[in-house]
**Q** 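Here it is: the structure, laid out below.
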2 protein chains.
Amino acid sequence: MSRSNPRVLSTLERAGGFASAQEVYKLMQREGEKIGLTTVYRSLQSLVDDKIVDLLRREDGEAIYRLCGEKHHHHLVCKSCGDTVEIEGGAIEKWAKSMADEHGFRDVGHTAEIFGICSKC
Amino acid sequence: MSRSNPRVLSTLERAGGFASAQEVYKLMQREGEKIGLTTVYRSLQSLVDDKIVDLLRREDGEAIYRLCGEKHHHHLVCKSCGDTVEIEGGAIEKWAKSMADEHGFRDVGHTAEIFGICSKC
DNA sequence: TTTGAAAATGATAATCATTTTCATTTGTGA
DNA sequence: TCACAAATGAAAATGATTATCATTTTCAAA
Ligand SMILES: [Mn+2]
Ligand SMILES: [Mn+2]
Ligand SMILES: [Zn+2]
Ligand SMILES: [Zn+2]
């Protein structure tokens, strides 16, 4: 188990929202930070292990990371133009919790996205 | 746009539940079917386009496919042993619809998965 | 039946994110 | 200073997915 390089976390913070490992790496390069891609991957992974960062997936399967701190939310995405609206998931949170309880699962997380065609398209 | 090779759909049916493109391909090879990996990918993709098949993602980001025909449901997956429970998503359905209405989206679909550690693990 | 355009196919190469290897550097306590 | 563990990163390996492109199949019109 390696400890996370603090500059990786700091960069992810500044990235605003989401960022993939590749993006974090490129960002650090542009800012003149000297770091290897391997270390970026390792650091993000251990941040996930430590539950400091959430791991999500882009539509194409690429892993993206976001600070846990930020308010948990979901997305409403337009399949045509890609426009995204951040939405609350109150109902989901309860649903996830009750389903997990009902089946004896612990350490529970969830994903939920809504997609459709927006009014402009 | 290519049409789906019917043997691919037939194989996915027999795969029982989920299968990745690679798995469908290997399955067909074992059964002596002569088909190219490319065609498997293309067929699955057009089945998804035609809404005959759902596209989901494994924990590691790999794309997996499942027949839509089956009653719409969601999954509660154990991150440790992979055990999966199919669950109802009544609350989700309403949530997705109301969120979409509220923001003027139409042709709406959604994904929702819950993951955690099961009681056996 | 012959013909030709369009669709389908699949071998191969290209992409690209992620992981593995492994040699080197850095930190740290005795 | 010394010995040893942890961290680092360059380079190669891996593996899924996609792009190319030449060949084959389909099929309707002539
Ligand atoms: Mn939520
Ligand atoms: Mn649902
Ligand atoms: Zn739109
Ligand atoms: Zn389990």
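Note that these values count all heavy atoms, side chains included, but never hydrogens, waters or copies made by symmetry. In what follows, chains carry the letters A, B, and so on, assigned in the order in which the sequence lines appear, proteins first and then strands, with residues in each chain numbered from 1.
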**Q** Under a 4.0 Å heavy-atom cut-off, which of residues 19-29 of chain B touch DNA chain C?
**A** none
**Q** Which class fits the ring pair B:H74 and B:H110: parallel under 30°, tilted 30 to 60°, perpendicular over 60°?
**A** parallel
**Q** Take atom OH of B:Y41 and atom P of C:dT9, then tell me their distance rounded to the nearest Å.
**A**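 The distance from OH of B:Y41 to P of C:dT9 comes to 17 Å, rounded to the nearest Å.
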**Q** Quick one: A:L55 CG to C:dA17 C1', roughly how many Å, whole number?
**A**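 Going from A:L55 (CG) to C:dA17 (C1'), I get 13 Å.
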**Q** Got a second to check how far B:L44's CG is from B:Y25's OH, nearest 0.5 Å?
**A** 13.5 Å
**Q** Atom NZ of B:K34 and atom P of C:dA11: how far apart are they, to the nearest Å?
**A** 9 Å
**Q** Could you check how far CG of B:L37 sits from P of D:dT20, rounded to whole Å?
**A**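 Taking CG of B:L37 and P of D:dT20, I get 17 Å after rounding.
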**Q** Using OP1 and OP2 only, check whether a side-chain N or O of B:N5 sits under 4.0 Å from C:dA8.
**A** no
**Q** Taking only the side-chain heavy atoms of A:T38 (C-beta and beyond), determine which of D:dA19, D:dT17, D:dA10 contains the nearest atom.
**A** D:dA10
**Q** Kindly assign one of parallel, tilted or perpendicular to the pair A:H75 and A:F18, based on the angle between their ring planes and the thresholds 30° and 60°.
**A** tilted
**Q** For a quick test of reading the model: is some side-chain N or O of B:R3 closer than 4.0 Å to OP1 or OP2 of C:dA7?
**A** no
**Q** Find the distance A:I64:CD1 to C:dA17:C1' and express it as a whole number of Å.
**A**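 Checked: the CD1 to C1' distance equals 14 Å.
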**Q** Measure the distance from CD on B:E59 to C1' on C:dA17 and round it to the nearest whole Å.
**A** 17 Å
**Q** For the pair B:V77 and B:I114, evaluate side-chain contact (heavy atoms from CB on, under 4.5 Å) and give the outcome as yes or no after the intermediate values.
**A** CA-CA 6 Å; B:V77 185; B:I114 309 178; over 6 Å; no
**Q** On the side chain of A:T39, is there an atom forming a donor-acceptor pair with the base of D:dA7 - under 3.5 Å, no angle test?
**A** no
**Q** Check whether any side-chain N or O of B:R57 sits under 3.5 Å from a backbone N or O of A:E59 as a donor-acceptor pair, and report yes or no.
**A** yes
**Q** Would you mind reading off the distance between A:R7 atom CZ and D:dA7 atom P, rounded to a whole angstrom?
**A** 14 Å
**Q** Side chain of B:R42 only, heavy atoms from C-beta on: which candidate in C:dG10, C:dT18, C:dT21 is closest?
**A**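 Of all the options, the side chain of B:R42 is nearest to C:dG10.
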**Q** So, the side chain of A:S43 versus the backbone of A:V40: is there a donor-acceptor pair under 3.5 Å, distance only?
**A**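 Flag not set: sc A:S43 to bb A:V40 has no pair under 3.5 Å.
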**Q** Taking CD from B:E62 and C1' from C:dT18, how many angstroms apart are they, rounded to a whole number?
**A** 13 Å
**Q** Charged N to carboxylate O below 4.0 Å: is that the case for A:E23 and A:R58?
**A** yes
